[in-house]
Amino acid sequence: MRALNDYLGRHDWANNVQMKLLAGPLLILLVMAMLILPLPPFALDLFFTFNIALAVMVLLVSMFTRQPLDFAAFPAVLLFTTLLRLSLNVASTRVILMEGHQGGDAAGKVIEAFGQFLIGGNFAVGLVVFAILVVINFMVITKGAGRIAEVGARFMLDAMPGKQMAIDADLNAGLIGEEEAKKRRTQVSQEADFYGSMDGASKFVRGDAMAGLVIMVVNVIGGLLIGMLQHDMAFSDAARTYTLMTIGDGLVAQIPALVISTAAGVTVSRVTTDQDVGQQMISQLFVNPQVMILAACVMGLLGLVPGMPNFVFLVFTALLGGLAWLLIKRQQDALVQEAESAPPPPPQEAPEASWDDVQLVDTLGLEVGHRLIPLVDQRQDGELLGRIKSVRKKFAQEVGFLPPVVHIRDNLELGPNTYVITLKGVEIGRAEAYPGKWLAIDPGQVSGQLDGTATEDPAFGLPAVWIDGGQREHAQVYGYTVVDAGTVVATHLNHLLHQHAAEMLGRAEVQQLLDKLGEEHKPLVEEVVPKAISLTVLQRLLQHLLDEEVSIRDLRTILDTLAEYAPQQQDVGELTALVRVSLGRAITQQWFPGQDELHVIGLDAQLEQVLLQAMNGSGALEPGLAETLMAQAEQALERQEAKGEPPVLVVQHGLRPVLSRFLRRRLRHLVVMSQAEIPDDRTLRVTSLVGGNG
């Protein structure tokens, strides 16, 4: 029994192989038979029906394939179906011209049905429908599919070397084996062959459409001639009989041709994924509820327009709205299900401390209250940001080095209009500013009073008033200096930068200054640092200069002086005094620009002798003498400022360092210069005196 089953199984397999091998030759013989032998009407009905069924099957197969190679036989199928349609056109033409005078069913029931039922027996309508089908097939579907196939074939051929190299690379890297590499190479070759074949096969469909049009014209003209000349039919009867059968024959052929062309377009225009065309369309077209809602709104608005078919539009509005509701509900259910199925999050443990928790202190900082945030918010075009950049640039040009970047942050613990300026994390300035208002500063000679909030200018301590914009012109007429809130903060910051310049100059800034000078004077830099003095000593010297508001822009002169004196003198104070003498002309120009006669504060000769004796003796001032000196210096400074003269005290060279350190503790804005720092071409005139009778 088992032997019999094995024999039958082998026999069935052999029969299947023989049928597959004979399918092609049998189809060709069938086509040749239809081209040569006359067919009865019933046979035509069978073959036309088979042609329609075959076209539908090809379209469905192309819709359900996921990759082009899943239907690699499509170019051959396209050729055979085209040949089958053309042979049927020849066979039906023979029957129509030979037997058409006998009636509408002479060429078979299928042709009669397409000529009578589909177009209502009206050959004019049939001609129009046939022409439209030909135009759609020839100008739209076939042309587009052919273009896609042509471009796809070109791109596939261009990409073949890269794909082959990728396969070889994976094989050499051990990611795939030899069998897998062969399989991939075969697949790449088959894809190229497929798109190349589709490029050529698309021409068959275009030729088929043109052939159908020519066959219809020939059948109509031939039918008229045969009917009138051979069968003595009237022109109207011959035209009606032969035209209807010809149109029916054309429609029977063109509808399957249109279906086959659509299948070709679907095959070459699809994007390769794990889904077929139908799944791609459904999963991508009907997935977004927002699209459904907007489409429902558009259809609903059209349905409310008078004169439109309101019922139909409103029906589609309801359908689209219901679909949107279903999509939203499905998404919500999916989120709930995902949340329920998700494992509970593990308990969070306090992370271990790391170096990321160490926050370095910002060198310069600006903290603002919440009402001042618009001034520093770049998204709100904060004007203060640009002014801070200008302040840093101006400081670098005047003082001689670039100050650190100002780190700005909001601080909700501050008052709403309060700002704080910090240096190395320590507050060095605090004030209030009112965005939208103006600060009217009293320089000392105003002619009227203003309504507003009384305060002081945060930079210089002058009396001021915060006023509304409507009083701005009045304040200027009265002699006030009127500035906005951003200018107030920027001016305050600039003033504090100059006051604390020495603290901002670090080793990194000094090294950058040396690097910049070394671009042009490298031998000078190498001679001084580190041969004559260290970088630390140079930093301290520059800090001493900055502490007394001396610009360090002329770094070349500073290094020239150090190159001359540093090998014999290492004391920073003495070196600073020598550098100040070298910078004397610049210091004088800073405080007395364009003046040949310098109006300064002098030191009483008797007091000067007392101070020299005290310095040469114990090196320190007695408490009583120190208090008296401070009081008299304060009075002299007030007299000097009342005259509108610079706050400069000129003393002997040996007394300058001591008096500067002592007097500037209280009188921060007092400048102490030595006589050696005054250029020879300038004349000194003492306008105020410390000690004596003033």
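Hydrogens, waters and symmetry mates are skipped; everything else that's a heavy atom, side chains included, is used.
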Check whether any side-chain N or O of [X] sits under 3.5 Å from a backbone N or O of [Y] as a donor-acceptor pair, and report yes or no.
X      : Y      : answer
Thr588 : Ile678 : no
Tyr480 : Gly448 : yes
Thr422 : Glu427 : no

Run the salt-bridge test on [X] and [Y] with the 4.0 Å N-O cut-off and return the result as yes or no.
X      : Y      : answer
Arg556 : Glu520 : no
Asp362 : Arg409 : yes
Glu503 : Lys424 : no
Arg472 : Asp484 : no

Between Thr687 and Gln640, is a side chain to side chain donor-acceptor pair (under 3.5 Å) present by the stated rule, with each step listed?
CA-CA 7 Å; Thr687 55; Gln640 183 79 350; 2.6 Å; yes

Out of His653, Arg656, Arg580, which one pairs with Ser674 under the side-chain hydrogen bond (donor to acceptor under 3.5 Å, both in side chains) rule?
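For Ser674, the side-chain hydrogen bond (donor to acceptor under 3.5 Å, both in side chains) check succeeds only for His653.
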
Option among Arg664, Arg668, Arg661 that satisfies the salt bridge (Lys or Arg N to Asp or Glu O under 4.0 Å) test with Asp547:
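It is Arg668, the one option of Arg664, Arg668, Arg661 that forms the salt bridge (Lys or Arg N to Asp or Glu O under 4.0 Å) with Asp547.
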
Heavy atoms, side chains only, cut-off 4.5 Å: are [X] and [Y] in contact?
X      : Y      : value
Val489 : Val368 : no
Ile421 : Arg430 : no
Leu423 : Thr363 : yes

Are there over 12 heavy-atom neighbours, none belonging to [X], within less than 6.0 Å of that residue's [atom1]?
X      : atom1 : answer
Arg682 : CZ    : yes
Tyr565 : OH    : no
Glu597 : CD    : yes

Show me the side-chain donor-acceptor pairs of residues 509-518 shorter than 3.5 Å, one per line, residues at least two apart or across chains.
from, atom 1, to, atom 2, distance (Å)
Glu509, OE1, Gly506, N, 2.9
Gln511, NE2, Asp515, OD1, 3.0

